[in-house]
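Written out below as structure tokens is the structure these notes cover.
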Amino acid sequence: MGFNNAYSAYQKTNVTTASQGHLVVLLYEACIKNLNSALALIEPGNKIKPSNIENFSKLLQKSQAIITELQVSLDMEKGGEIAKNLMSLYLYFNSELTDVAFKHSAQKIQFIVDMMKELLGAWKTASNSTANAPAQTSMQAHTALNIQG
């Protein structure tokens, strides 16, 4: 029980102290995890055991909620073409997952997972850039360059 409480506290601290870019990375990772878990419940022939249907639905709903959160967090004014393209992808993903809820298509889930993994890689790169660092770290790096230069 103590380990679970400590891990839960760690997760909460990780989220509350994360930069915006890191929060996006965490959302992508959670979505991919949920989709992979849903994918594991699909048997050959796109069948799901009756005992797994509720869990499958919950995993899809969590994934859709995460994608919706990513969607509403887009800054359409500042994001330009990238934000428009991401919006289109997020709308497409949620539409496909609605279809998956009824047809249990492993192929559609796998396609979304693959696309999310590609986007995750781009967000990881962006979130590790100096532009996304906390202000103090960014300022220290800039000052160090001025002193040495």
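Numbering starts at 1 and runs along the sequence shown.
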- Item | Distance-only polar pair, side chains of Q64 and T98, donor-acceptor under 3.5 Å | yes
Taking the side chain as every heavy atom from C-beta outward, state whether [X] and [Y] have any pair of such atoms under 4.5 Å apart.
{"X": "Q110", "Y": "L39", "answer": "yes"}
{"X": "I32", "Y": "L120", "answer": "yes"}
{"X": "L74", "Y": "I82", "answer": "no"}
{"X": "E43", "Y": "K49", "answer": "yes"}

- Task: Take K47 and I42, measure what side-chain contact (heavy atoms from CB on, under 4.5 Å) needs, and give me the verdict at the end.
- Result: CA-CA 6 Å; K47 303 289 183 195; I42 299 176; over 6 Å; no
- Query: Above 12 or not: heavy atoms from other molecules or residues under 6.0 Å from CD of Q107?
  - Reply: no
Nearest 0.5 Å, please: how far is [atom2] in [Y] from [atom1] in [X]?
{"X": "E118", "Y": "M116", "atom1": "CD", "atom2": "CE", "answer": "12.0 Å"}
{"X": "N55", "Y": "S37", "atom1": "CG", "atom2": "OG", "answer": "8.0 Å"}
{"X": "S73", "Y": "E69", "atom1": "OG", "atom2": "CD", "answer": "6.0 Å"}
{"X": "Y92", "Y": "F111", "atom1": "OH", "atom2": "CZ", "answer": "5.0 Å"}
{"X": "L59", "Y": "I109", "atom1": "CG", "atom2": "CD1", "answer": "9.0 Å"}
{"X": "N46", "Y": "K108", "atom1": "CG", "atom2": "NZ", "answer": "10.0 Å"}

What heavy-atom pair brings [X] and [Y] nearest, and what distance separates the two atoms?
{"X": "V25", "Y": "S127", "result": "CG2-OG, 3.7 Å"}
{"X": "L97", "Y": "S63", "result": "CD1-CB, 4.1 Å"}
{"X": "A38", "Y": "L60", "result": "CB-CD2, 4.3 Å"}

Is there a chain of hydrophobic side chains (I, L, V, M, F, W, Y, each step under 4.5 Å between heavy atoms) that links [X] to [Y]?
{"X": "W123", "Y": "L26", "answer": "no"}
{"X": "M87", "Y": "L70", "answer": "yes"}
{"X": "I112", "Y": "L86", "answer": "yes"}
{"X": "L119", "Y": "M76", "answer": "yes"}
{"X": "V24", "Y": "L89", "answer": "yes"}

- Message: Test your reading of the model: is there a side-chain donor-acceptor pair from N94 to the backbone of I67, 3.5 Å cut-off?
- Response: no
- Message: With a 3.5 Å distance limit and no angle check, can you tell me whether N52 reaches the backbone of I48 through a side-chain donor-acceptor pair?
- Response: no
- Query: Relative to each other, are the rings of Y90 and Y28 parallel, tilted or perpendicular (30° and 60° limits)?
  - Reply: tilted
- Item | Chi angles and distances behind the side chain to side chain donor-acceptor pair (under 3.5 Å) call for S105, D99 | CA-CA 8 Å; S105 172; D99 188 57; over 6 Å; no
- Task: Using a strict 4.0 Å threshold on nitrogen-to-oxygen distance, state whether E29 and K33 make a salt bridge.
- Result: no
